[in-house]
Amino acid sequence: NAGVTQTPKFRVLKTGQSMTLLCAQDMNHEYMYWYRQDPGMGLRLIHYSVGEGTTAKGEVPDGYNVSRLKKQNFLLGLESAAPSQTSVYFCASSRTGGNQPQHFGDGTRLSIL
Amino acid sequence: GNSVTQMEGPVTLSEEAFLTINCTYTATGYPSLFWYVQYPGEGLQLLLKATKADDKGSNKGFEATYRKETTSFHLEKGSVQVSDSAVYFCALDNNDMRFGAGTRLTVKP
């Protein structure tokens, strides 16, 4: 019963490097989300998707790109990492929007030096 | 816009004490309200939810009532346990999911 799986769990990057975080869900959910969690700020939505082939900007999208080529996968890309992107990143999915609860992965801790 | 404000922590209680974590929100219309819990090293898990005014969400001894007149959704538990130690997040969904900053609860034996 995997639910939402994020890879990798930890990563250290140098400023300017690029990387992709992978999120996979096995619940056939339509909606998927990427958040960042910073101390004292709760979770902030980066990008989200309401279905395969769709993406939309959230509250803090700058410096990130996403793709949803397959319904079960939602990729988050950092083209040129900056120290301000040091954070814990969480992926989530939900059956639909509205009052449907979100199911979260265990997070990816990313440090940018 | 939509926003959530919850009481700052950390909160430290003794086992079997009464817990209240305050949460107020700002939103137009009728958002759905949630409490999520995060245990160390894990993602958030849904604790309870309420989708309309006067609804009471409950789970594992926790309760919260959707109060539209006071725009609040306070979390309560009558008798906390050590295993309740975690970070609690209030959230609203109004076609735009917003989370509070989180409240860290530590329960001591």
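Convention: sequence-line order gives letters A, B, ...; per-chain numbering from 1. Computed over heavy atoms, backbone and side chain alike; hydrogens, waters and symmetry mates excluded.
Using a 4.5 Å cut-off between heavy atoms, B:R98 touches chain A through its side chain atoms alone. Using a 4.5 Å cut-off between heavy atoms, B:Q38 touches chain A through its side chain atoms alone. Of the two parts of A:Y48, neither the backbone nor the side chain holds a non-hydrogen atom closer than 4.5 Å to a non-hydrogen atom of chain B.
When each of A:L69, A:L22, A:T55, A:V4 is paired with A:F74, the side chain to side chain contact (heavy atoms under 4.5 Å, CB included) condition holds for A:T55 and for no other. Looking at A:K71, A:R95, A:Q100 one by one, the single match for side chain to side chain contact (heavy atoms under 4.5 Å, CB included) with A:E30 turns out to be A:K71. For the side chain to side chain contact (heavy atoms under 4.5 Å, CB included) with B:F73, the lone residue among B:I21, B:D55, B:L48, B:N22 that qualifies is B:L48.
Note on A:E59, A:R44, A:M41: by heavy-atom pairs under 4.5 Å with chain B, the leading option is A:E59.
Looking at heavy atoms from C-beta onward, A:P61 lies in side-chain contact with A:H47 at the 4.5 angstrom threshold.
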